[in-house]
Number of protein chains: 4
Amino acid sequence: MSETTADGETPAGTTPVGVPPAGAAPKRHRRGDTRQRIQDVALELFAEQGYEKTSLREIAEQLEVTKAALYYHFKTKEDILVSLFQDLQRPIDELIEWADHQPRTLDTKQEILRRYSQALADVAPLFRFMQENQATVRELSVGESFKDRMLRLIDTIKEPDAALTDQVRCISALFTMHAGMFVLRDVEGDPEDKRKAVLEVAIDLVTQAHTGTPGV
Amino acid sequence: MSETTADGETPAGTTPVGVPPAGAAPKRHRRGDTRQRIQDVALELFAEQGYEKTSLREIAEQLEVTKAALYYHFKTKEDILVSLFQDLQRPIDELIEWADHQPRTLDTKQEILRRYSQALADVAPLFRFMQENQATVRELSVGESFKDRMLRLIDTIKEPDAALTDQVRCISALFTMHAGMFVLRDVEGDPEDKRKAVLEVAIDLVTQAHTGTPGV
Amino acid sequence: MSETTADGETPAGTTPVGVPPAGAAPKRHRRGDTRQRIQDVALELFAEQGYEKTSLREIAEQLEVTKAALYYHFKTKEDILVSLFQDLQRPIDELIEWADHQPRTLDTKQEILRRYSQALADVAPLFRFMQENQATVRELSVGESFKDRMLRLIDTIKEPDAALTDQVRCISALFTMHAGMFVLRDVEGDPEDKRKAVLEVAIDLVTQAHTGTPGV
Amino acid sequence: MSETTADGETPAGTTPVGVPPAGAAPKRHRRGDTRQRIQDVALELFAEQGYEKTSLREIAEQLEVTKAALYYHFKTKEDILVSLFQDLQRPIDELIEWADHQPRTLDTKQEILRRYSQALADVAPLFRFMQENQATVRELSVGESFKDRMLRLIDTIKEPDAALTDQVRCISALFTMHAGMFVLRDVEGDPEDKRKAVLEVAIDLVTQAHTGTPGV
DNA sequence: CATGAATGAGGGTTCATTCAT
DNA sequence: GATGAATGAACCCTCATTCAT
């Protein structure tokens with residue numbers, strides 16, 4: 001529940017369930033936001049149990065609607081997943097877009113990582129899902145597009161003609177940030193501190209890579 | 001005694017199925033290697049399509065046996081997976097065992113990474129599977145045991161009272177090696193060269209972590 | 001709300017399936033009576049062949065629906081059986097309830113048997129099923145509840161401190177009625193006559209038991 | 001286990017498992033009696049769980065042999081059941097045979113019941129099985145033959161032209177004895193006392209029937 | 001906006017049975 | 001006298017999806 005950051009931080013102006021704004025919808029469900037609620041529940045369940053093991057029945061039950069209702073809002077099960085991506089991939093797309101218009105300096109690369117760290121924190125559940133369901137996602141239409149995004153992101157910090165080790169360092173920087181998201185849950189410490197430590201290591205890696213690259 | 005060999009003492013080393021002895025019996029009873037063949041095919045399909053999306057029918061068909069035959073050799077679908085782990089996790093267990101009896105010097109840590117790099121290469125398909133099916137594996141009995149193993153491995157290279165960044169570096173070292181296995185497929189270059197580059201970066205990270213740690 | 005009507009409020013009385021309203025819709029959606037029809041067919045087949053030997057495929061086929069349709073109306077195969085009990089056990093529950101509020105006179109006991117005889121005739125198929133599938137039913141959730149009911153019924157006609165033979169007589173009275181239902185099919189004679197003869201013997205047994213009991 | 005009287009009381013001269021008579025069969029299983037042991041285990045399991053729910057795997061496992069071994073001794077699963085009947089039905093056949101050669105006096109009928117009571121006690125497990133698996137047995141080849149036996153037994157105590165109630169009394173006498181076997185388990189008291197009480201009630205019923213019959 | 005009822009395909013699993021060895 | 005390996009049929013059940021209302 002708390003993991004679902006889909007619509008911002010927490011649906012700020014939204015009435016918490018069970019406390020309808022005096023004189024509001026009699027049916028207890030806030031109206032019109034069903035689509036949003038489906039996405040929230042779906043993301044939660046997909047992340048928790050995986051895409052395949054989450055059935056539409058389960059989603060519907062948790063929402064107290066019928067399966068058929070889901071089909072009013074989404075054409076297929078995969079469509080729900082796709083919609084999650086479209087909503088959550090945007091921050092990353094914007095980052096890539098931004099990066100593409102910057103000079104390829106070390107400063108830029110570091111800033112990319114900083115922004116990426118933030119973006120990751122914002123879309124954490126989706127990332128957890130991606131990380132843990134690669135086999136599934138790979139087959140889905142959305143898989144290719146996600147992989148593309150990753151490769152393009154790598155390209156923004158990696159020099160194509162750098163030494164192999166330096167290329168690895170850049171890739172490692174990114175994956176350090178990904179891994180940091182879920183492995184560090186088993187390490188003690190303040191989440192924000194951990195995020196910063198991860199970012200520091202990532203920046204370090206990219207810096208080494210950048211410095212090591214001849215002619216930069 | 002029991003008809004079901006399900007518990008399995010792994011009749012042999014990890015003999016790849018390979019080609020059937022040229023000119024062998026055209027049909028019926030490819031001898032006593034069926035269990036092995038099931039494991040081979042299963043690992044292949046699990047890694048390729050994921051555990052959930054691989055049906056027993058599919059495995060059976062590819063082996064040209066019936067589904068029921070699988071149940072002669074394994075008690076359940078999950079059992080097949082578990083058996084794969086038992087066979088392939090051993091190298092890692094041995095590594096941890098070895099590491100636990102070494103002094104915690106930088107040299108040892110570097111050697112751990114070197115050996116881990118080799119172990120990973122040996123059990124690559126299983127690792128790819130793990131990496132790509134975490135959501136599934138997490139629920140399975142085998143999930144916990146795998147996570148344990150990872151944490152214990154991290155403990156062999158990480159100093160518990162090191163700075164947070166240095167701890168991250170160690171974790172990063174390991175995950176760099178994991179990521180290296182499948183991300184680098186999209187980078188040009190000789191596989192062995194790539195493996196070495198990955199190893200170098202990982203060793204670098206651990207070295208930095210070790211050096212940075214006060215009092216070491 | 002929930003799609004599955006499995007818990008079931010028993011939409012109607014024990015309407016026998018009978019003939020479909022002459023000249024009704026030739027196909028698709030015989031309206032809302034499917035649940036009822038499933039129960040009817042299931043009871044018929046369960047009674048005829050036993051619970052285990054009756055497959056859902058068989059039930060579905062006879063109804064010209066798919067197996068999956070059964071699962072829309074009932075959560076499991078056992079659930080179908082349970083629902084049959086809930087529908088058909090009621091007459092007996094009501095009898096016990098009634099008996100519990102009567103004085104424990106001989107007249108009452110005789111009336112219990114009379115009413116039980118009638119109740120049995122009403123739910124004959126279920127009883128036949130129970131009688132013939134005790135081994136199965138015993139394991140099912142419904143088994144215990146049925147046994148309870150029998151014991152409580154026995155308690156309504158049996159004095160706890162009576163002589164052992166008189167206790168046996170009471171039990172015998174009940175089982176005579178049960179046996180009467182299916183053994184007497186092989187004896188010639190009008191069914192109603194036979195029912196009355198059985199009832200007479202049962203009443204006789206209880207009367208002897210009641211008279212023989214000291215202090216009554 | 002204790003219910004299995006198949007081979008007498010307890011295989012008297014038989015070595016208890018695990019203590020082989022010095023210099024005996026090295027394989028721990030007493031040799032040659034496998035067929036008997038299959039029957040014992042099968043009867044036990046059939047009576048406990050029902051015929052359908054008892055699988056050959058289960059029987060084999062409990063005997064620590066393979067399913068295939070069962071097929072060496074019996075042609076089919078049903079064959080095991082049939083063999084149980086052949087062994088255990090004999091006492092009843094002998095009783096019928098004996099009864100057929102006696103004068104149809106009240107004394108004879110009472111003696112029939114006495115002997116039947118004893119026979120029932122001897123083959124209790126089989127009877128319990130019959131009672132609880134009628135639906136199954138009915139379809140099996142053995143079903144018809146068992147029913148025949150019951151009808152013939154009834155004929156030995158029932159006058160064909162008696163009043164309907166008196167016929168019922170005779171049937172009731174028999175079924176009282178059957179029911180007595182398993183219903184009385186829930187009544188306190190010494191088993192032998194209970195058996196005698198049941199017998200007394202049965203004799204009573206037959207006596208009434210005999211006396212009530214005009215012209216006897 | 002949503003439901004009730006249903007479907008077709010497929011899932012994993014278990015069974016009685018066979019047969020070469 | 002028994003086993004190891006396999007089969008074919010059937011089982012209960014779940015799924016994503018559809019469509020008239």
Side-chain angles (χ1 to χ4, degrees), chain A residues 27 29 31-32 34-35 52-60 65-80, chain B residues 1-5 28-32 34-35 52-60 63-80, chain C residues 1-5 28-32 34-35 52-60 63-79, chain D residues 27 29 31-32 34-35 52-60 63 65-80:
Chain A
K27 243 286 189 181
H29 296 320
R31 285 233 302 295
T34 304
R35 195 188 142 91
E52 327 263 1
K53 296 226 312 211
T54 301
S55 70
L56 294 186
R57 177 181 53 66
E58 223 172 337
I59 297 176
V65 291
T66 43
K67 271 183 292 174
L70 305 185
Y71 279 89
Y72 179 82
H73 293 281
F74 297 93
K75 240 177 39 210
T76 91
K77 186 188 181 188
E78 190 175 340
D79 240 47
I80 300 182
Chain B
M1 210 142 271
S2 131
E3 269 178 299
T4 310
T5 334
R28 203 136 221 200
H29 303 340
R30 225 95 94 259
R31 280 267 288 294
T34 306
R35 195 187 144 91
E52 330 262 0
K53 297 228 310 213
T54 301
S55 71
L56 294 186
R57 178 182 51 69
E58 222 170 338
I59 297 176
L63 285 167
E64 292 184 291
V65 290
T66 50
K67 268 187 295 172
L70 305 185
Y71 278 90
Y72 177 77
H73 294 280
F74 297 93
K75 262 203 322 264
T76 76
K77 185 188 182 187
E78 187 175 341
D79 235 49
I80 300 182
Chain C
M1 214 142 271
S2 132
E3 269 178 300
T4 311
T5 335
R28 201 135 221 204
H29 303 340
R30 227 92 96 259
R31 279 266 290 293
T34 305
R35 193 187 147 91
E52 330 261 2
K53 298 228 310 211
T54 302
S55 71
L56 294 187
R57 178 181 52 69
E58 221 171 338
I59 298 176
L63 285 168
E64 292 184 292
V65 290
T66 49
K67 269 185 294 172
L70 305 186
Y71 279 91
Y72 177 77
H73 294 280
F74 297 92
K75 262 203 320 265
T76 75
K77 186 188 182 187
E78 187 174 341
D79 236 50
Chain D
K27 243 284 187 184
H29 295 321
R31 286 236 297 297
T34 304
R35 195 188 143 92
E52 330 262 0
K53 296 226 311 211
T54 301
S55 70
L56 294 187
R57 177 180 53 66
E58 223 171 338
I59 297 176
L63 285 167
V65 290
T66 44
K67 271 183 292 174
L70 305 184
Y71 278 90
Y72 178 81
H73 294 280
F74 297 93
K75 239 179 41 214
T76 87
K77 185 187 182 187
E78 189 175 340
D79 240 46
I80 300 182

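Per chain, numbering begins at 1; letters A, B, ... match sequence-line order. From a predicted model like this one, the values you see are computed outputs, not experimental measurements.
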Handout entry: Nearest to side-chain heavy atoms of B/V65, which nucleotide of E/dT3, F/dG4, F/dT7
Key =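 So the nucleotide nearest the side chain must be F/dT7.
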
Quickly work out the [X] [atom1] to [N] [atom2] distance and round it to whole Å.
{"X": "D/Y72", "N": "E/dA20", "atom1": "OH", "atom2": "P", "answer": "17 Å"}
{"X": "A/L70", "N": "E/dC1", "atom1": "CG", "atom2": "P", "answer": "15 Å"}
{"X": "B/D79", "N": "E/dG12", "atom1": "CG", "atom2": "C1'", "answer": "13 Å"}
{"X": "D/L63", "N": "F/dT3", "atom1": "CG", "atom2": "C1'", "answer": "15 Å"}
{"X": "C/R35", "N": "E/dA6", "atom1": "CZ", "atom2": "P", "answer": "12 Å"}

Practice task
Applying side-chain contact (heavy atoms from CB on, under 4.5 Å), name anything that partners A/F74, two or more places apart in sequence or on another chain.
Solution key: A/R35, A/I38, A/Q39, A/D79, A/I80, A/S83

Practice task
Any chance you could encode DNA chain F as dot-bracket? Rule is Watson-Crick or G-U wobble with both distances under 3.5 Å; [ ] for pairs crossing earlier ones, | for another strand.
Solution key: .||||||||||||||||||||

Practice task
May I ask you to verify if any side-chain N or O of C/T34 is less than 4.0 angstrom from the OP1 or OP2 atom of E/dA5?
Solution key: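 For E/dA5, OP1/OP2 do not have a side-chain N/O of C/T34 under 4.0 Å.
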
Problem - Side-chain N or O of C/H73 closer than 4.0 Å to phosphate OP1/OP2 of E/dG4 - result: no

Fill in the blank from the handout: Taking every heavy atom of C/K53 against every heavy atom of C/E58, the minimum-distance pair comes out as O-OE1, 3.6 Å

Exercise for the section: Identify the two heavy atoms, one from D/E52 and one from D/K77, that lie closest to each other, and give their separation to 0.1 Å. Expected result: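 For D/E52 and D/K77, the tightest heavy-atom pair comes out as O-NZ, 3.8 Å.
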
Exercise for the section: Find the distance between OH (A/Y71) and NZ (A/K67) and round it off to the nearest 0.5 Å. Expected result: 8.0 Å

Handout entry: Annotated protein contacts, base or backbone, on nucleotides 9-16 of chain F with a non-hydrogen cut-off under 4.0 Å, one of B, S, - each
Key = --SBBBBB

Completion exercise
When A/T76, A/L56, A/T34 are each screened for side-chain contact (heavy atoms from CB on, under 4.5 Å) with A/L70, the one that passes is A/L56

